[in-house]
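To start, the structure itself, in structure tokens.
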Amino acid sequence: MSLGGLPSDLRTRVDRTFAALEGRGVHPLFAMDRREALATVLGLIPKGSGVAHGTSTTLLEIGFIDALKRADSGYRYMNAEWQAEADSAKRGRLRGRLSLESDFFLGSVQALTETGVAIGCDASGSRQAFYTFGPPHVIWVAGVNKLVPDVDAGVRRAREVALPQEDLRMRTAGAAGSFVGKMVFYERERPGRITLVLVRENLGF
């Protein structure tokens, strides 16, 4: 990983954030753009793995979900399995079981602090559940727009930047909107479980 092409101020922020993340057990990687991010993520997941993900504009933007949907992807795409269930109650239970049993669970977070704390939030907590427990490997993909100085700034970003955009996305799609139902502060993880791919682009909310 080389940060040599970054402006000095951004390089300093990324270096500081990555050092803090490593100290908390999260392994950080850097990608210069969404194409490199997709290649990096796919390179982390062995063929034949069971892969699940939460709702994520970032994963859509880098092309990861389209890659999983390909018939020749080489992965067991577990979201497609629970989405095929017509009964809503059964679908919810199947989603939980398959996500828990996945080899890799992917998504993003709403803020990354330069002190190494990641902040994730959801209305239901469905993504946070599997970030915190279950799958042996978790991969977060986030744009540099999610970098913030500290936890206070991260909470503000989650509530004042990410939430309004997610609420608008859901309402535009015909849903009831969104709210912060669960907010989780990721302060420490056992090394080897969570990998962060930080992308030098503004991605997601």
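Reckoned from all heavy atoms, side chains included, excluding hydrogens, waters and symmetry mates.
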Just by distance, do the side chain of [X] and the backbone of [Y] share a donor-acceptor pair under 3.5 Å?
| X | Y | result |
| --- | --- | --- |
| R13 | L147 | yes |
| R11 | L6 | yes |
| R91 | A86 | yes |
| S99 | G96 | no |
| D87 | A89 | yes |
| Y75 | A52 | no |
| K146 | T113 | no |
| N145 | F205 | no |
| T12 | S8 | yes |

Might you point out which heavy atoms bring [X] and [Y] nearest each other, and give the distance in Å?
| X | Y | value |
| --- | --- | --- |
| Q110 | A162 | CG-CB, 3.7 Å |
| V141 | T58 | O-CG2, 3.5 Å |
| G134 | L100 | CA-CD1, 3.5 Å |
| G54 | R127 | CA-CG, 3.6 Å |
| Y186 | V184 | CZ-CG1, 3.5 Å |
| L94 | E85 | CD2-CB, 4.3 Å |

Do [X] and [Y] land in one hydrophobic cluster if side-chain heavy atoms of ILVMFWY residues count as linked below 4.5 Å?
| X | Y | value |
| --- | --- | --- |
| L98 | L68 | no |
| V117 | V155 | yes |
| M183 | V148 | no |
| L44 | L42 | yes |
| L10 | L196 | yes |

*Could you walk me through whether E81 and R76 pass the salt bridge (Lys or Arg N to Asp or Glu O under 4.0 Å) test, one step at a time?*
CA-CA 9 Å; E81 296 181 30; R76 178 186 173 189; 2.7 Å; yes

Rounded distance (nearest 0.5 Å) linking atom [atom1] of [X] with atom [atom2] of [Y]:
| X | Y | atom1 | atom2 | value |
| --- | --- | --- | --- | --- |
| D33 | E201 | CG | CD | 5.5 Å |
| M32 | L198 | CE | CG | 11.0 Å |
| K69 | N79 | NZ | CG | 9.5 Å |
| D66 | L59 | CG | CG | 11.0 Å |
| I62 | L106 | CD1 | CG | 8.0 Å |
| R193 | I139 | CZ | CD1 | 11.5 Å |

*Just do the side chain to side chain contact (heavy atoms under 4.5 Å, CB included) check on F30 and L3 with the steps written out, would you?*
CA-CA 8 Å; F30 191 81; L3 304 180; 3.5 Å; yes

*Go through the structure and list residues passing side chain to side chain contact (heavy atoms under 4.5 Å, CB included) with H27, not counting sequence neighbours.*
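For H27 the side chain to side chain contact (heavy atoms under 4.5 Å, CB included) partners, ignoring immediate neighbours, are E22, L29, T195.
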
*asked:* Which residues pass the side chain to side chain contact (heavy atoms under 4.5 Å, CB included) test with M170, not counting sequence neighbours?
replied: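 Result, side chain to side chain contact (heavy atoms under 4.5 Å, CB included) vs M170: E166, A175, S178.
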
*Single hit among F104, F130, Y77 for side chain to side chain contact (heavy atoms under 4.5 Å, CB included) with H53*: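 Exactly one candidate clears the test, Y77.
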
*asked:* Pair R24, E187 - check side chain to side chain contact (heavy atoms under 4.5 Å, CB included), show working.
replied: CA-CA 7 Å; R24 295 177 182 272; E187 295 192 351; 3.8 Å; yes

*Determine, step by step, whether V51 and F64 satisfy the side chain to side chain contact (heavy atoms under 4.5 Å, CB included) criterion, reporting the C-alpha distance in whole Å, the side-chain angles of both residues, the deciding distance to 0.1 Å, and the verdict.*
CA-CA 11 Å; V51 182; F64 178 74; 4.0 Å; yes

*Close side-chain approach of S49 to H137, heavy-atom, < 4.5 Å*: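 In short, these two side chains do not touch, never coming nearer than 4.5 Å.
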
_Atom CZ of residue position R159 - does it have more than 12 heavy atoms of other residues, nucleotides or ligands inside 6.0 Å?_
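No, CZ of R159 has 12 or fewer neighbouring heavy atoms, counting only those of other groups under 6.0 Å.
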
*Can V199 and E61 be said to form a side chain to side chain contact (heavy atoms under 4.5 Å, CB included), step by step?*
CA-CA 11 Å; V199 190; E61 289 174 336; over 6 Å; no

